[in-house]
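Below is one structure, written out as structure tokens; the observations come after it.
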There are 2 protein chains.
Amino acid sequence: MKVSTQVTSPNSVIAQVLDLGSGTFTQQCPTRTLLDHVTSKWGVLVLVALTSRTLRWGELRRAVDGVSEKMLAQTLRTLESDGLVLREARPTIPPRVDYSLTDPGRELAGHLVPLLRWVAAHADATSTDH
Amino acid sequence: MKVSTQVTSPNSVIAQVLDLGSGTFTQQCPTRTLLDHVTSKWGVLVLVALTSRTLRWGELRRAVDGVSEKMLAQTLRTLESDGLVLREARPTIPPRVDYSLTDPGRELAGHLVPLLRWVAAHADATSTDH
DNA sequence: CTGTATCCTTTCAGATACTG
DNA sequence: CAGTATCTGAAAGGATACAG
């Protein structure tokens with residue numbers, strides 16, 4: 001009859017905060033993978049940039065300052081396979097490819113925008129108070 | 001009065017979406033650093049875990065499944081220096097250290113919780129439709 | 001214009017061992 | 001209990017060249 005101080009499952013705290021079944025956001029959970037995609041360095045910025053409107057490859061590259069071609073391509077492929085971004089290639093010369101948010105992508109971006117607004121508003125304060 | 005297709009600054013798209021001055025979230029912008037901290041692999045989970053209540057080191061380690069001691073320490077130091085997490089060490093034997101959210105940290109976590117809820121709700125769908 | 005392929009450097013991250 | 005220090009392999013990321 002052991003009354004341990006740790007009766008609950010490993011990550012119960014996070015699951016509890018989110019009102020979800022225990023086991024969510026454990027290491028093996030698929031949520032972890034998706035979370036890493038959407039919170040990736042470039043993923044966040046791409047999703048937010050596409051909030052305004054459909055953008056072409058070149059426009060995206062300029063919108064997301066500092067991204068390399070390699071990382072932009074990789075990020076877009078990931079987000080597309082996650083069903084968050086729609087890629088539409090037109091077989092014209094010169095080629096033209098449009099990127100836009102899917103419905104789920106737009107929903108997600110809706111959560112990211114206020115987050116980035118908060119970050120922008122507090123970046124100065126946090127960098128000066130240490 | 002030039003009405004070119006590209007009159008605005010490099011990353012104007014993102015600044016426009018966020019209703020902020022052009023230049024926000026450029027590569028050199030301090031917002032980028034803070035954004036990377038709060039959207040880091042372990043940072044997000046630590047902040048959400050601390051939403052429920054103050055947690056001790058050992059509790060945090062169990063709450064954030066899969067994190068190594070090294071990464072937990074590194075993440076906590078970063079979040080503390082950003083003014084998001086408060087660290088309170090008690091000089092007792094054995095040592096006890098409490099971690100909690102500061103007011104800004106709590107505000108930020110308020111944006112992260114709905115994001116993680118959305119991710120949890122869509123993880124299955126996005127992983128099966130490719 | 002829209003990418004892909006390759007190389008190379010830097011950073012991330014886990015394992016292990018050790019300290020107060 | 002709550003960390004730090006060091007080592008090493010894996011992964012991210014950038015630069016360049018090139019292709020459709």
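For clarity, every value in this text was computed on a predicted model and none was experimentally measured.
In this structure, B:R87 CZ and B:W57 CH2 are separated by 9.0 Å, a value rounded to the nearest 0.5 Å.
Where A:Q27 and A:Y99 each meet DNA chain C at their nearest nucleotide, the meeting point lying more 5' is that of A:Y99. Between B:A73 and A:W42, the one whose closest nucleotide on DNA chain D sits nearer the 5' end is B:A73.
A straight line from CG of B:L72 to P of C:dG14 spans 12 Å, rounded to a whole angstrom. Spacing between atom CE of A:M71 and atom P of C:dT9 amounts to 19 Å, rounded to whole angstrom units. Between the CD1 atom of B:I93 and the P atom of D:dA2 there is a distance of 13 Å, rounded to whole Å. When the C1' atom of D:dC1 is taken as reference, atom CG of B:L76 falls 15 Å away, rounded to whole Å. Between B:Q74 atom CD and C:dA13 atom P there is a gap of 8 Å when expressed in whole angstrom units. One can place CG of A:D36 at 15 Å from P of C:dC12, the figure rounded to the nearest angstrom. Between B:R87 atom CZ and D:dT4 atom P there is a gap of 7 Å when expressed in whole angstrom units. Distance A:L55 CG to C:dC1 C1': 15 Å, rounded to the nearest Å.
A:R53 and A:E59 are joined by a salt bridge, as a carboxylate oxygen and a charged side-chain nitrogen come within less than 4.0 angstrom of each other.
Of the side-chain N and O atoms in B:R56, one or more sit less than 4.0 angstrom from OP1 or OP2 of D:dA2.
Using a 4.0 Å heavy-atom criterion, one finds that B:R90 contacts no nucleic acid atom at all. Residue A:K70 is classed as a base contact, given a heavy-atom separation below 4.0 Å to a base. No contact: A:R61 has no heavy atom under 4.0 Å from any strand.
Residues B:L86 and B:V38 do not share a hydrophobic cluster, defined by chaining ILVMFWY side chains whose heavy atoms lie under 4.5 Å apart.
Considering only side-chain atoms of B:W57, the nucleotide from D:dT4, D:dG3, D:dG13 that sits closest is D:dG3. For B:E69, counting side-chain heavy atoms from C-beta on, the closest listed nucleotide (D:dT4, D:dG14, C:dC1) is D:dT4.
Looking at heavy atoms from C-beta onward, B:L79 lies out of side-chain contact with B:Y99 at the 4.5 angstrom threshold.
Shown here for A:I14 and B:L45, the closest heavy-atom pair between the two residues is CD1-O, 3.7 Å.
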